[in-house]
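This report concerns only the one structure given below.
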Amino acid sequence: MKNVRLRFAPSPTGPLHIGGARSALFNYLLAKKYRGTFLVRMEDTDLERSSAASEENIKDSLKWLGMDWDEGVDAGGDCGPYRQTERLSIYRQAVDKLLAEGKAYYCFCSEEELDREREAQSARGETPRYGGKCRDLTREEWQSRLDSGAKPVVRFKVPPGEEVAIDDLVRGRVAFETDGIGDFIIVKSDGIPVYNFAVVLDDVTMKISHVIRGEEHLSNTPRQVLLYDALGYAMPKFAHISLILGQDKTKMSKRHGSTSVVAYRDQGYLPEALVNFLALLGWSPEGEEEIFDLDGLVEAFSLDRVSKSPAVFDLEKLKWLNGVYIRNAAPERRLAFALPHLQNAGLVPAEPAADDLLWAQTVTEALKNHINAFGELPALIARYRQPVAYGEELGEELKALGEDAVTVIRAVLAKLEALETVSADGYKALLKEVKKETGIGGRPLFHSVRIAKTGSTEGPDMDKVAIIIGREGMIERCREFLRFMEHFLQS
RNA sequence: GGCCCGUUGGAGAAGCGGCUUAACUCACCAGCCUUUCACGCUGGCAUUCAGGGGUUCGAAUCCCCUACGGGUCACCA
């Protein structure tokens with residue numbers, strides 16, 4: 001394939017969300033696969049809702065995910081500028097051409113008028129669409145209205161009785177009747193072009209070869225096709241990917257939890273895990289392997305394995321995937337990602353000393369198998385720092401353990417008191433001795449200790465927990481447990 | 001309401017007319033490993049592909065209808 005050029009063209013009206021990131025990723029992957037260009041442009045024609053902060057968020061999110069762009073905002077290139085509000089003259093020329101050729105016309109209808117028309121149409125069960133009141137106004141009429149200060153919109157004259165079809169790379173041939181489309185607005189009364197018009201010109205002038213975008217744009221595509229025709233431009237190839245749904249199968253929204261990329265970053269997800277997960281949303285690899293880094297995805301990705309049916313966002317799977325990446329990461333990388341969460345929770349100072357870093361490292365390594373996101377770390381650690389609560393769910397286990405638990409903890413307590421400090425190895429040895437002394441080993445031994453120290457039957461290796469709790473903490477917990485058991489065994 | 005898209009297990013998802021007694025992954029269950037807990041490993045988990053017709057020697061795969069879900073018809077993108 002030659003001159004493959006793909007783009008991600010978000011409107012900066014909010015943070016980059018999961019759906020946008022997935023679109024960006026698919027465009028990125030295809031561009032890289034064919035050694036083409038990936039570019040980013042901003043569709044900021046909605047002056048009300050666009051903001052510089054959103055643009056920054058989107059760019060930061062893309063970079064964080066590892067999707068650097070070859071061309072576009074901040075990166076430059078030959079087809080700029082890459083913000084629609086900076087391309088107004090390009091659009092103006094095209095509008096003038098359409099107006100001159102009679103393919104578009106000024107419309108002076110007021111918004112109230114249009115609202116009323118639409119309402120009446122829906123009331124009658126008709127498709128709401130522009131009736132064409134201004135379609136046949138003469139140029140003289142335009143001029144006199146313009147002269148008297150009217151601010152018209154420009155509408156595209158949709159040719160009646162035609163069929164427009166697109167050959168979609170994921171959905172196949174999709175056809176629409178032009179009779180179902182009213183003359184649509186291409187330039188707003190403030191002179192800013194509308195999305196459907198601006199995209200066409202941008203994609204043409206930026207020489208885009210493939211447009212991968214969400215399914216919500218499928219119904220808009222015939223309008224764009226009409227514009228390509230009217231302007232005499234060749235069309236890019238289209239690929240409309242299915243929507244991302246929440247667990248309840250409705251369109252993904254805040255109700256379903258976090259939807260922005262930064263939210264996942266802040267919860268302690270690794271970018272490579274999120275990218276991997278995003279790729280699996282609507283695309284499936286050929287073999288059994290589901291774990292792919294960006295380069296692996298570039299190689300494996302192809303549009304013919306993109307699904308037509310909507311993809312459901314499965315948070316459980318994202319968590320699992322993130323857990324896999326956490327476990328596979330290098331210890332330094334784990335520490336780098338864990339540190340901010342430890343600092344936010346006040347467990348490590350903002351300016352950590354060597355000791356603090358060592359502690360953070362130790363804790364992170366001890367808990368790496370027990371978390372699916374780094375944000376879970378503080379809560380887990382809190383379990384070893386706050387007084388233990390021996391909850392009701394432990395009842396059965398404790399009953400089964402019975403006097404053995406008391407015997408074990410008494411022995412452990414005695415040994416701890418005799419020691420100065422506790423290392424992981426020292427603790428292992430300590431338990432061995434307890435086993436020898438009491439004759440209790442295996443599950444009864446470990447579960448007694450685990451429950452006494454953490455109030456839970458599951459968690460990391462006991463020697464690692466020992467380091468997190470420390471000698472004093474353990475002694476305190478042993479005593480507390482013995483007090484608790486006295487009452488428990490009586491009742 | 002018109003137009004357009006979709007519908008495979010608890011969940012995601014492969015499948016593109018015979019190789020399917022429906023891959024793979026998550027979740028779940030069982031076993032192994034571990035003196036504990038996890039990690040890891042092994043095995044189990046849809047006689048059936050929304051429902052109904054049809055085409056065919058043969059259909060999850062092609063056609064039609066119905067139901068359900070979604071998108072779109074904006075001076076939003």
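Scope of the values below: all heavy atoms of this structure, side chains included, with no hydrogens, waters or symmetry mates. Keep in mind the model is a prediction, meaning the values are calculated, not measured. In what follows, chains carry the letters A, B, and so on, assigned in the order in which the sequence lines appear, proteins first and then strands, with residues in each chain numbered from 1.
Rounded to whole angstrom, the span from the CD atom of Glu111(A) across to the C1' atom of C76(B) amounts to 13 Å. In this structure, CD1 of Ile468(A) is placed 17 Å from P of A38(B), rounded to the nearest angstrom. In this structure, CG of Asp190(A) is placed 13 Å from C1' of C76(B), rounded to the nearest angstrom. If you take CE of Met42(A) and P of C76(B), they are 20 Å apart, rounded to a whole angstrom. Atom CZ of Arg223(A) is separated from atom P of C73(B) by 6 Å (rounded to the nearest Å). Whole-Å rounding puts the His240(A) NE2 to C5(B) P distance at 12 Å. At whole-Å resolution of the value, CD1 in Ile241(A) and P in A13(B) are 13 Å apart. Remark: P of A74(B) and CZ of Phe156(A) are 16 Å apart, rounded to the nearest angstrom.
For Ser122(A) against G1(B), no side-chain N or O and base N or O form a donor-acceptor pair under 3.5 Å. One N or O donor and one acceptor, one from the side chain of Arg450(A) and one from the base of U36(B), sit under 3.5 Å apart.
Taking only side-chain atoms of Ser189(A), from C-beta outward, the nucleotide of C37(B), C75(B), U72(B) with the closest atom is C75(B). Of the candidate nucleotides C5(B), A14(B), C37(B), C5(B) has the atom nearest to the side chain of Leu218(A).
Using cut-offs of 30° and 60° for the angle between ring planes, the His217(A) and Tyr195(A) rings count as tilted.
Separation of atoms CD1 (Ile326(A)) and NZ (Lys368(A)) is listed at 11.5 Å; rounding is to 0.5 Å.
Contact check, Arg305(A) against G15(B): a side-chain N or O comes under 4.0 Å of OP1 or OP2. Using a 4.0 Å cut-off, no side-chain N or O of Lys464(A) falls inside it from OP1 or OP2 of C39(B).
Residue Val153(A) is classed as a base contact, given a heavy-atom separation below 4.0 Å to a base. No contact: Gly180(A) has no heavy atom under 4.0 Å from any strand.
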| Are Phe337(A) and Thr364(A) close enough, and set up right, to give a side chain to side chain contact (heavy atoms under 4.5 Å, CB included), and what steps lead you there? | CA-CA 10 Å; Phe337(A) 276 83; Thr364(A) 304; over 6 Å; no
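The shortest heavy-atom contact between Glu215(A) and Arg171(A) is OE1-NH2, 3.5 Å.
The pair Glu119(A)-Arg116(A) fails the salt-bridge criterion, with no side-chain N (NZ, NE, NH1 or NH2) lying under 4.0 Å from an Asp/Glu carboxylate O.
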